[in-house]
Participant: 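Sending over a structure as structure tokens; questions will come in a sec.
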Amino acid sequence: MQKKEFKTVGKGIRKKDSMQLLLGKPVYLDDITPSECLVVKVLRSPHAHALINEIDTSTALKVPGIECIFTYKDVPQERFTQAGQTFPEPSPYDRLILDRRVRFVGDAVAIIAGENERCVDKAMKLIKVKYEVLTPVLDLHEAKDGKILVHPEDNWKAPCPVGADNKRNLCASDSTEDGNVDAVLESCDYVIDRTYHTKACQQAMMETFRTYTRMDHFGRLHVIASTQIIFHLRRILSHALGIPNNKIRIEKPRIGGGFGAKQTAVAEVYPAFVTFKTGKPAKIIYSREESQIAASPRHEMEIRVRLGADKNGKIRALDVYTLSNTGAYGEHGPTTVGLSGHKSIPLYTGSLEAFRFAYDVVYTNTQAAGAYRGYGATQGIFAVESAVNELAETLGIDPTDIREKNMLREGMVMPAYYGEKTNSCALDRCMAKCSKLFGWRDKYPVRTMPDGKIRTAGMAIAMQGSCISNVDVGSATITLGDDGCYVLSIGAADMGTGCDTILAQMAAECMDCHIDNVEVAGVDTDSSPYDSGSYASSTTYVTGQAVVLACDKLKKQLCSIAAETLSCTDDSLEFDGDRISNLETGEFVTLDDISYQAQCNNEIAVRATATHSSPVSPPPFMAGMVEIELDPETGSVDVLDYVAVVDCGTPINPNLARIQTEGGLVQGIGMALYEDVTFSDKGKIEENSFMQYKLPTRLDIGHLQVEFESSWEPTGPFGAKSIGEIVINTPSPAIAHAIYRATGVWHRNLPITPEKILFGIE
């Protein structure tokens, strides 16, 4: 597809669901599902590691209104994974619905279902459990080859060869290398050797995990869930319950935020099991505390970076080792870790002579981790970009100059990024534009204000991907309706990002019609074409291309129907969006004519489905610069200004792209400064509510400015790449850099709280 002036693509069109959301219409799961159903709750372990010796539910079952209580004795013994990933799943099969061995504080012990919340809460208190408390492994450094095994069971298995070994507490392990890293490092003038640490941040979406289940009139399990992965969820429940895929139907309403949390089937199995066993409708709604202690946060990672450079700032070698903590279960453990190196090292392809990337992913007795926006790249970019900033400060070189000298550019092949070539890369232009908009030369110097506070700036660059190459699949079905309008059916889940609107814009562009003439159908495994799901930044890039292909097919089918009506050949016809005309005679038929003609003596479908998968994953790029004001008396940091410039190819909807970027920046700022996760010596998470787990609010964020520097990605729809994840990646290293400038102290452990800053100054 050649670059041209578009009518709908590239325009800031209002989201299709905006008025329903604005007016508070019932759109979310709890709004649209019946309240007359069993209430399901989970009894959770108070211990980080224990065996259940006895569990007595007899008294609890006598509570009026209680329908059933299930324990580990009642569930299937075939292990599965809750990770929403394409089959065969890279994540180990290490879970049971309920297990005799509990592996973290908050792990499931029993499922209680009753007529109302009151009776369920009462019954939960009456369940008597005797535990054999075991010693937990809470420190990720002590896990690998340690004496304490998190998963000693014999029926644990890893479907894919990812270097997993439950007898070593390993969820995954690997190493890749290009060139002789040790020799190059030895010959470098300067070597930065640092270790960085990021914690298990929470996605903290406003809508907690929730699911409604019932048996439909065909005797199938019908699941309505706030999920990003309808087709993967169907397979997960099939494995967990031991029933065929075709006996399960998954439907998704509007989602009140996901950010990757709902790429894991955190809550769905519990009401599904209740309904499967009782035949009665059931619903589970996680409390905020459950969403904090028994969910799927970002993986804690410790990353050692060895960076070698010459005295002029040319980066010659990078050696990255990541130790990742998957927690009690291995969801997304083998896959997130790869991005910590594969999405950070390639940023410096322009000068690298050699690189090495190795990692270990370990089990511990802490809350199981999962997918979170950035998916490992966030942690890796914090480490590598911080190391580059440390190099710049060591050499006394402006950090923009050192990146200009070393950065990846269009046309380069990236050995550390699966050998892919950058067909589109505006990273250099992003940094130049960001520097100009921000006023880098003026804000970078350290300035002491009249009140004693210190102002300065920091920066970082980042890349991500646009799908999982050779894996992700997107599909779209477009149908001509009776009234000459279109219905677009997709399997990708709109999480509030606006993908329904963006994909409708693409369909409208292809069919040369107004976007109001394209309706987007609900996401349902019974009616939607297969889609891997909304994750890995793949929706716009992969599913978008499927929309383009489906529209091309439909236009050909419509022309074939028109050719029969006009008694001519297909290649003599022209489709202009409203009608199809015979170029030789001037005769035409309208879309309305065709929609009715298709219903009478017709053998040509007015529906087209296309499926797309990409062999490459073109990276989006970003440059970010932050100005802070730091109070040396209290250690507090205020973010005054943040400027971000993003290369996402062609922004399909600049308004939605800008909002996505702003949201990601705020999440990144929270990760850098506020969001802390600490464990007691017994393995209990202290930050189990928003009173303790501090999220940034609008009052904590200064001026945000987001702009785009477009490139043209030839493999993407209308030249587009992704934007969903990259936007969270620059704040942490940029803020850490600025704090160093203000205090002379590098903080390599996130979050950088006022206490840490003050102690560092002292």
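When a residue number appears, it is its place in the shown sequence, counting from 1. These numbers come from a predicted model, not from an experiment.
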Participant: Got Lys262 and Ser226 here, is their nearest side-chain heavy-atom distance under 4.5 Å?
Facilitator: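 They are in side-chain contact.
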
Participant: For side-chain hydrogen bond (donor to acceptor under 3.5 Å, both in side chains), just list the numbers for Arg220 and Asn246, CA-CA rounded to whole Å, side-chain angles, deciding distance to a tenth of an Å, and then say yes or no.
Facilitator: CA-CA 8 Å; Arg220 298 189 308 163; Asn246 65 351; over 6 Å; no

Participant: Report the distance from atom CG of Leu237 to atom CD of Gln82, rounding to the nearest 0.5 Å.
Facilitator: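 Answer for the CG-CD pair, Leu237 versus Gln82, is 9.5 Å.
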
Participant: Could you check whether any side-chain N or O of Asp494 sits under 3.5 Å from a backbone N or O of Thr497, counting only pairs where one atom can act as donor and the other as acceptor?
Facilitator: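 Judged by distance alone, yes, a pair lies under 3.5 Å.
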
Participant: Output yes when Asp500 and Arg254 qualify as a salt bridge under the 4.0 Å nitrogen-oxygen rule, no when they do not.
Facilitator: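 Result for this pair is yes, salt bridge flagged.
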
Participant: Kindly compute the distance separating NZ (Lys122) from CD1 (Ile112), expressed to the nearest 0.5 Å.
Facilitator: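 Reported value, rounded in 0.5 Å steps: 14.5 Å.
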
Participant: Just do the salt bridge (Lys or Arg N to Asp or Glu O under 4.0 Å) check on Lys280 and Glu67 with the steps written out, would you?
Facilitator: CA-CA 10 Å; Lys280 296 183 178 182; Glu67 176 71 24; 2.9 Å; yes

Participant: Is any side-chain heavy atom of Leu138 closer than 4.5 Å to a side-chain heavy atom of Thr364?
Facilitator: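 The answer is no; the side chains never approach within 4.5 Å.
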
Participant: Determine whether the aromatic ring centres of Phe382 and Tyr196 lie less than 6.0 Å apart.
Facilitator: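 That pair passes the under 6.0 Å test.
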
Participant: Could you give me the CA-CA distance, side-chain angles and deciding distance for Val27 and Leu21, then say whether side chain to side chain contact (heavy atoms under 4.5 Å, CB included) is met?
Facilitator: CA-CA 8 Å; Val27 295; Leu21 299 175; 3.5 Å; yes

Participant: Mind running salt bridge (Lys or Arg N to Asp or Glu O under 4.0 Å) on Lys130 and Asp56 for me, showing each step along the way?
Facilitator: CA-CA 9 Å; Lys130 290 185 179 179; Asp56 183 358; over 6 Å; no

Participant: Looking at Val39, Thr213, Ile285, which one forms a side-chain contact (heavy atoms from CB on, under 4.5 Å) with Pro271?
Facilitator: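 That would be Thr213; it is the only one of Val39, Thr213, Ile285 passing the side-chain contact (heavy atoms from CB on, under 4.5 Å) with Pro271.
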
Participant: Starting from the C-alpha separation in whole Å, work towards a yes-or-no answer on side-chain hydrogen bond (donor to acceptor under 3.5 Å, both in side chains) for Arg373 and Gln203.
Facilitator: CA-CA 8 Å; Arg373 191 180 207 165; Gln203 297 89 345; over 6 Å; no

Participant: Would you call Glu117 and Lys41 a salt bridge, taking side-chain N to carboxylate O under 4.0 Å as the test?
Facilitator: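 Yes.
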
Participant: Run the salt-bridge test on Glu89 and Arg235 with the 4.0 Å N-O cut-off and return the result as yes or no.
Facilitator: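 Yes, charged N to carboxylate O under 4.0 Å.
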
Participant: At their closest point, which heavy atom of Ala164 faces which heavy atom of Trp156, and how far apart are they?
Facilitator: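 Scanning both residues completely, I find the closest heavy atoms to be CB-CH2, 3.6 Å.
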
Participant: Verify the neighbour count for atom CE of Met691: are there more than 12 heavy atoms of other residues, nucleotides or ligands below 6.0 Å?
Facilitator: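 No, not enclosed.
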
Participant: Mind checking the SG-OH spacing from Cys201 to Tyr372? Nearest 0.5 Å is all I need.
Facilitator: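 Here the interatomic distance stands at 6.5 Å.
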
Participant: Could you give the distance from CE (Met124) to OG1 (Thr57), rounded to the nearest 0.5 Å?
Facilitator: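 Rounded to the nearest 0.5 Å, the CE-OG1 separation comes out at 13.0 Å.
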
Participant: Do NZ/NE/NH1/NH2 and the carboxylate oxygens of Arg103 and Asp107 come within less than 4.0 Å?
Facilitator: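 No salt bridge links Arg103 with Asp107.
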
Participant: Looking only at heavy atoms, which two atoms of Ser91 and Pro159 are closest? And how far apart?
Facilitator: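 Reported closest heavy-atom pair: O-CD, 3.6 Å.
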
Participant: Evaluate Ile728 against Met671 for side chain to side chain contact (heavy atoms under 4.5 Å, CB included), listing each step before the verdict.
Facilitator: CA-CA 9 Å; Ile728 199 173; Met671 178 178 173; 5.5 Å; no

Participant: Can you tell me how far OG of Ser528 sits from CD1 of Ile250, rounded to the nearest 0.5 angstrom?
Facilitator: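 Interatomic distance, Ile250 CD1 to Ser528 OG, rounded to 0.5 Å: 12.0 Å.
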
Participant: Before we go on, tell me: are the rings of Tyr93 and His239 under 6.0 Å apart, centre to centre?
Facilitator: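 Ring-ring flag for Tyr93/His239: true, centres closer than 6.0 Å.
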
Participant: Of all the heavy-atom pairs spanning Ala295 and Phe209, show the shortest one and how long it is.
Facilitator: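 For Ala295 versus Phe209, the nearest heavy atoms are CB-CE1, 3.5 Å.
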
Participant: May I ask you to check whether over 12 heavy atoms, not counting those of Gln692, lie within 6.0 Å of atom CD?
Facilitator: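 Yes - once you tally the heavy atoms of other residues, nucleotides and ligands closer than 6.0 Å, there are more than 12.
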
Participant: Is it true that Asp676 and Lys756 have a side-chain N and a carboxylate O under 4.0 angstrom from each other?
Facilitator: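 No, no charged N to carboxylate O under 4.0 Å.
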
Participant: Determine whether Phe104 and His49 satisfy the following criterion, ring pair (Phe, Tyr, Trp, His ring centres under 6.0 Å), listing intermediate values before the conclusion.
Facilitator: CA-CA 6 Å; Phe104 68 97; His49 197 194; over 10 Å; no

Participant: At their closest point, which heavy atom of Ala282 faces which heavy atom of Val40, and how far apart are they?
Facilitator: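 Nearest pair, atom of Ala282 first, then Val40: CB-CG2, 3.7 Å.
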
Participant: Please examine the side chains of Leu170 and Tyr363, heavy atoms only from C-beta on, and report whether any two atoms are closer than 4.5 Å.
Facilitator: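 Side chain of Tyr363 against side chain of Leu170, heavy atoms only: no contact under 4.5 Å found.
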
Participant: Could you go through the salt bridge (Lys or Arg N to Asp or Glu O under 4.0 Å) check for Glu290 and Arg44 one step at a time?
Facilitator: CA-CA 9 Å; Glu290 286 179 296; Arg44 301 190 178 278; 3.1 Å; yes

Participant: Any donor-acceptor pair under 3.5 Å linking the side-chain atoms of Asp360 with those of Ser173?
Facilitator: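 A pair is found: one side chain offers a donor N or O, the other an acceptor, under 3.5 Å apart.
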
Participant: Evaluate the side-chain hydrogen bond (donor to acceptor under 3.5 Å, both in side chains) criterion for residues Glu302 and Thr322: first the C-alpha distance (whole Å), next the side-chain angles of each, then the deciding distance (0.1 Å), finally the verdict.
Facilitator: CA-CA 6 Å; Glu302 183 180 271; Thr322 301; over 6 Å; no

Participant: Find the distance between NZ (Lys144) and SG (Cys171) and round it off to the nearest 0.5 Å.
Facilitator: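 Nearest 0.5 Å value for the NZ-SG distance: 13.5 Å.
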
Participant: What do the steps show when you test Thr211 against Lys283 for side-chain hydrogen bond (donor to acceptor under 3.5 Å, both in side chains), and what is the final call?
Facilitator: CA-CA 6 Å; Thr211 302; Lys283 186 188 292 186; over 6 Å; no

Participant: Identify the heavy atoms of Thr264 and Gly370 that sit nearest to each other, and give their distance.
Facilitator: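 For Thr264 and Gly370, the tightest heavy-atom pair comes out as OG1-CA, 4.4 Å.
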
Participant: I'd like to know if Glu331 pairs up with Arg95 as an ion pair, taking the criterion as any Lys NZ or Arg NE/NH1/NH2 lying under 4.0 Å from an Asp or Glu carboxylate oxygen.
Facilitator: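 Result for this pair is yes, salt bridge flagged.
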
Participant: Find out whether Ser287 and Gln292 are in side-chain contact, i.e. whether some heavy atom of one side chain is under 4.5 Å from a heavy atom of the other.
Facilitator: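 Side chain of Ser287 against side chain of Gln292, heavy atoms only: no contact under 4.5 Å found.
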
Participant: Taking the side chain as every heavy atom from C-beta outward, state whether Leu149 and Asn169 have any atom pair closer than 4.5 Å.
Facilitator: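 Yes, close enough: below the 4.5 Å cut-off.
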
Participant: Heavy-atom count check: over 12 atoms from other residues, nucleotides or ligands less than 6.0 Å from Phe759 CZ?
Facilitator: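 Atom CZ in Phe759 is not packed in, count stays at 12 or less.
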
Participant: Do Ser732 and Leu750 come close enough that some side-chain heavy atom pair is under 4.5 Å?
Facilitator: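 Heavy-atom side-chain distance check passes, below 4.5 Å.
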
Participant: Would you say NZ of Lys167 has more than 12 non-hydrogen atoms from neighbouring residues, nucleotides or ligands within 6.0 angstrom?
Facilitator: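 Atom NZ in Lys167 is crowded, with more than 12 foreign heavy atoms closer than 6.0 Å.
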
Participant: Measure across Ala267 and Tyr286 and return the closest heavy-atom pair with its distance rounded to 0.1 Å.
Facilitator: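 Nearest heavy atoms, Ala267 then Tyr286: CB-CE1, 3.5 Å.
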
Participant: What I want to find out is whether Glu268 reaches Arg210 closely enough, with some N-O distance under 4.0 Å, to be called a salt bridge.
Facilitator: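 Judged by the 4.0 Å cut-off on N to carboxylate O distance, Glu268 and Arg210 do not form a salt bridge.
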
Participant: Is it true that Asp145 and Arg168 have a side-chain N and a carboxylate O under 4.0 angstrom from each other?
Facilitator: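 Salt bridge flag = yes for Arg168 with Asp145.
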
Participant: If the threshold is 4.0 Å, N to carboxylate O, is there a salt bridge linking Arg249 and Glu251?
Facilitator: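 Looking at Arg249 and Glu251, the cut-off is met.
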
Participant: Pair His151, Tyr329 - check ring pair (Phe, Tyr, Trp, His ring centres under 6.0 Å), show working.
Facilitator: CA-CA 9 Å; His151 284 277; Tyr329 300 98; 5.4 Å; yes

Participant: Taking the side chain as every heavy atom from C-beta outward, state whether Tyr72 and Val109 have any atom pair closer than 4.5 Å.
Facilitator: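 Not touching, per the 4.5 Å side-chain cut-off.
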
Participant: Would you call Cys68 and Thr278 a side-chain contact if the rule is heavy atoms closer than 4.5 Å?
Facilitator: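 Yes, side chains in contact.
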
Participant: I'd like to know whether the aromatic ring centres of Tyr212 and His222 sit less than 6.0 Å apart in this structure.
Facilitator: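 No; His222 has its ring centre 6.0 Å or more from that of Tyr212.
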
Participant: Please check this pair: side chain of Ser538 against backbone of Tyr535, looking for a donor-acceptor N/O pair closer than 3.5 Å.
Facilitator: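 Yes, the answer is positive, given that a donor and an acceptor are paired below the 3.5 Å cut-off.
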
